[in-house]
Peer 1: 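Handing you this structure, nothing more for now.
Letters A, B, ... mirror the listed sequences (proteins, then strands); counts begin at 1.
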Amino acid sequence: MPEILEVESYRMLAERVIGARISRGFSDQYAAKKLPSTSFWSRSVKGLTITGTDRRGKLMLLDTDGMRLGMRFGMTGVLLLDSDAGIDGLFYGPHTYRSSWIRAGIEFEDGRKLVLHDPRRLGRVEVEPDLSELGPDALRIKRKEFDQVLRINRGDGPALKARLLDQSVVAGVGNLLGDEMMFRAGIDPRRGTATLTLVERDDLFKAWTQTMKTLQRRGGSHTGDHMEGRFPGGLCPRDGGEMRSATIGGRTTYWCSVHQH
DNA sequence: ATGTAGACTTGGACCA
DNA sequence: GGCTTCCAAGTCTACA
């Protein structure tokens, strides 16, 4: 389930280990896929002290007195501290945990463990992650940066949905979040990015910031207004219009045929 | 530059 | 209950 709001909740959870010293790290070959070897993680983290946390889009960062560490949560990853979850009610399916689904983590000298729990193994640990390929953070985006997201040099540009999902343009918009913003703004996700009018840009920016605020209060990306109609044959919860769906930007996209133009 | 399809990975939903 | 098929919150690569 991790979209940016979930990752932010994991970052907040990780703040609790600031000041703790790592006694040991572990990772399986899948979680270590972005590293030179499976053992690279355990060798790198040993002895480091956590000095802070950060996040860029869906990449969570742990600052230390040595190398900077990163964690990605894929589609089903969750961060657990000992057995405490960051936020309740955000877990995949019926809240199932299995110790066999813990793919990587770090243990501290004080006995605590910070672990990546990930049934589908798409989560990753990173050492000195490269942030240069990531756009500005979607959670704290400023109007100026937002305008850059919509800025296209030539032609109509890619479909708006595809643009929003491009992590190098803006980091942190996931599939559900992108659909929710456009649903609220009343904009068709297939529209070329550069075809938005000034008014539509304003609407989208407003919808963007409000979506982040509202969903954070509700507790995640799965509680958006459009979710109710997000299935084949679904109806728009706002106006009863038929919801349409298509693959845009590589992901299944839902929008209302009535109020999204 | 932009789009698309497939891979990766495993479990849940749905159906017979 | 078990098997099949499809689908999924996110990247990542290959290719038109």
Peer 1: Mind jotting down which residue pairs meet the salt bridge (Lys or Arg N to Asp or Glu O under 4.0 Å) criterion with at least one end in residues 99-108 of chain A? Sequence neighbours excluded, please.
Peer 2: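 Found A:Arg24-A:Glu107.
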Peer 1: Ion pair present between A:Arg121 and A:Asp28, side-chain N to carboxylate O less than 4.0 angstrom?
Peer 2: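 Here A:Arg121 pairs with A:Asp28 in a salt bridge, since their nearest N and O are under 4.0 Å apart.
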Peer 1: Kindly write out the residues that satisfy salt bridge (Lys or Arg N to Asp or Glu O under 4.0 Å) with A:Asp54, not counting sequence neighbours, or none if the list is empty.
Peer 2: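 Listed in chain order: A:Arg68.
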Peer 1: Identify, residue by residue, the members of residues 150-163 of chain A with a heavy atom below 4.0 Å from DNA chain C, and return them in order of residue number, or none.
Peer 2: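 Nothing qualifies; none.
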Peer 1: Report the residues that fulfil salt bridge (Lys or Arg N to Asp or Glu O under 4.0 Å) with A:Glu242, sequence neighbours left out, ordered by chain and then residue number.
Peer 2: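 Counting only residues at least two positions away or on another chain, A:Glu242 forms a salt bridge (Lys or Arg N to Asp or Glu O under 4.0 Å) with A:Arg244.
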Peer 1: Quick one: which residue pairs count as a salt bridge (Lys or Arg N to Asp or Glu O under 4.0 Å) with a foot in residues 224-234 of chain A, not counting sequence neighbours?
Peer 2: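 Listed by first then second residue: A:Asp179-A:Arg230, A:Arg184-A:Asp225, A:Arg218-A:Asp225.
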Peer 1: For A:Leu59, what are the other residues in its hydrophobic cluster, where any two members join if their side-chain heavy atoms are less than 4.5 angstrom apart?
Peer 2: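 Traced through the cluster, A:Leu59 reaches A:Leu61, A:Leu131, A:Leu134.
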Peer 1: Got a sec, which pairs hit ring pair (Phe, Tyr, Trp, His ring centres under 6.0 Å) with one end in residues 236-261 of chain A, sequence neighbours left out?
Peer 2: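 Output for this query lists A:Phe183-A:His259.
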Peer 1: Choosing from B:dT9, C:dG10, B:dG11, which nucleotide comes nearest the side chain of A:Arg121?
Peer 2: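 Selected nucleotide (nearest to the side chain): B:dT9.
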Peer 1: Looking at A:Thr76, does any N or O in its side chain come under 4.0 Å of the phosphate oxygens OP1/OP2 on C:dA8?
Peer 2: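 Looking at the OP1 and OP2 atoms of C:dA8, neither is under 4.0 Å from any side-chain N or O of A:Thr76.
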Peer 1: Starting at atom CG of A:Leu176, determine the distance to atom P of C:dC7, rounded to an integer number of angstrom.
Peer 2: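 Rounded to the whole Å, the gap is 16 Å.
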Peer 1: When you measure from the side chain of A:Tyr30, which nucleotide among B:dG11, B:dT9, C:dA8 comes out closest?
Peer 2: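 Within the option list, the nearest is B:dT9.
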Peer 1: In whole Å, I'd like the distance from the NE2 atom of A:His117 to the P atom of B:dG11.
Peer 2: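 To the nearest whole Å, that distance equals 11 Å.
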Peer 1: Using whole Å, what does the distance between atom P of nucleotide C:dG10 and atom CG of A:Leu79 come to?
Peer 2: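 Result: 18 Å.
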Peer 1: Could you tell me how far C:dC6 sits from B:dA5 if I compare only their P atoms? Round to whole Å.
Peer 2: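 Between the two P atoms, the distance is 16 Å.
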Peer 1: Using a cut-off of under 3.5 Å, enumerate the N/O to N/O pairs linking the protein to nucleotides 12-16 of chain C.
Peer 2:
residue : atom : partner : partner atom : Å
C:dC12  : OP1  : A:Lys34 : NZ           : 2.8

Peer 1: Is any side-chain N or O of A:Lys33 closer than 4.0 Å to OP1 or OP2 of B:dC8?
Peer 2: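 The answer is no; no side-chain N or O of A:Lys33 sits under 4.0 Å from OP1 or OP2.
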Peer 1: May I ask you to evaluate whether A:Gln167 reaches the phosphate of C:dT11, defined as a side-chain N or O under 4.0 Å from OP1 or OP2?
Peer 2: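 True: A:Gln167 side-chain N/O within range (under 4.0 Å) of C:dT11 OP1/OP2.
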Peer 1: In terms of side-chain geometry, is the basic nitrogen of A:Lys58 or A:Glu3 positioned less than 4.0 Å from the acidic oxygen of its partner?
Peer 2: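 No salt bridge links A:Lys58 with A:Glu3.
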Peer 1: Got a sec, which pairs hit side-chain hydrogen bond (donor to acceptor under 3.5 Å, both in side chains) with one end in residues 44-53 of chain A, sequence neighbours left out?
Peer 2: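 Every side-chain hydrogen bond (donor to acceptor under 3.5 Å, both in side chains) pair that includes a residue of residues 44-53 of chain A, provided the two are not neighbours, is A:Arg11-A:Thr53.
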Peer 1: Take the protein atom CD1 of A:Ile248 and the nucleotide atom C1' of B:dA5, then report the distance between them rounded to whole Å.
Peer 2: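 In whole Å, B:dA5 C1' lies 16 Å from A:Ile248 CD1.
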Peer 1: Output the rest of the hydrophobic cluster of A:Val199: all Ile, Leu, Val, Met, Phe, Trp and Tyr residues reachable through side-chain heavy-atom contacts under 4.5 Å, sorted by chain and number.
Peer 2: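 So far as hydrophobic clustering goes, A:Val199 is joined with none.
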Peer 1: Taking ring pair (Phe, Tyr, Trp, His ring centres under 6.0 Å) as the definition, give me every residue that meets it alongside A:Phe205, ordered by chain and number, with sequence neighbours left out.
Peer 2: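 Ring pair (Phe, Tyr, Trp, His ring centres under 6.0 Å) list for A:Phe205, sorted by chain: A:Phe146.
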Peer 1: Take atom CG of A:Asp166 and atom P of C:dG10, then tell me their distance rounded to the nearest Å.
Peer 2: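 After rounding, the reported distance stands at 14 Å.
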Peer 1: Between A:Lys142 and A:Asp147, does at least one N-O distance fall below 4.0 Å, as a salt bridge requires?
Peer 2: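 No, no charged N to carboxylate O under 4.0 Å.
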Peer 1: Sticking with atom P, work out how far C:dC12 lies from B:dG11, rounded to a whole angstrom.
Peer 2: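 Rounded to whole Å, the distance is 22 Å.
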Peer 1: A:Tyr10 has an atom OH; how far is it from atom P of C:dG10, in whole Å?
Peer 2: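 Rounded to whole Å, this separation is 12 Å.
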Peer 1: Using a cut-off of less than 4.0 Å, is there contact between a side-chain N or O of A:Trp101 and OP1 or OP2 of B:dT10?
Peer 2: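 Result: no.
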Peer 1: Starting at CG of A:Asp28 and ending at P of B:dT9, how long is that distance when rounded to a whole Å?
Peer 2: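 From A:Asp28 CG to B:dT9 P: 11 Å.
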Peer 1: Whole Å only: how far is the CZ atom of A:Arg251 from the C1' atom of B:dA7?
Peer 2: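 So the CZ-C1' distance, A:Arg251 to B:dA7, works out to 12 Å.
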Peer 1: Taking both distances under 3.5 Å as the test for a Watson-Crick or G-U pair, what stems of at least three pairs does DNA chain C have?
Peer 2: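 Detected stem regions: B:2-8 with C:10-16, B:10-13 with C:5-8.
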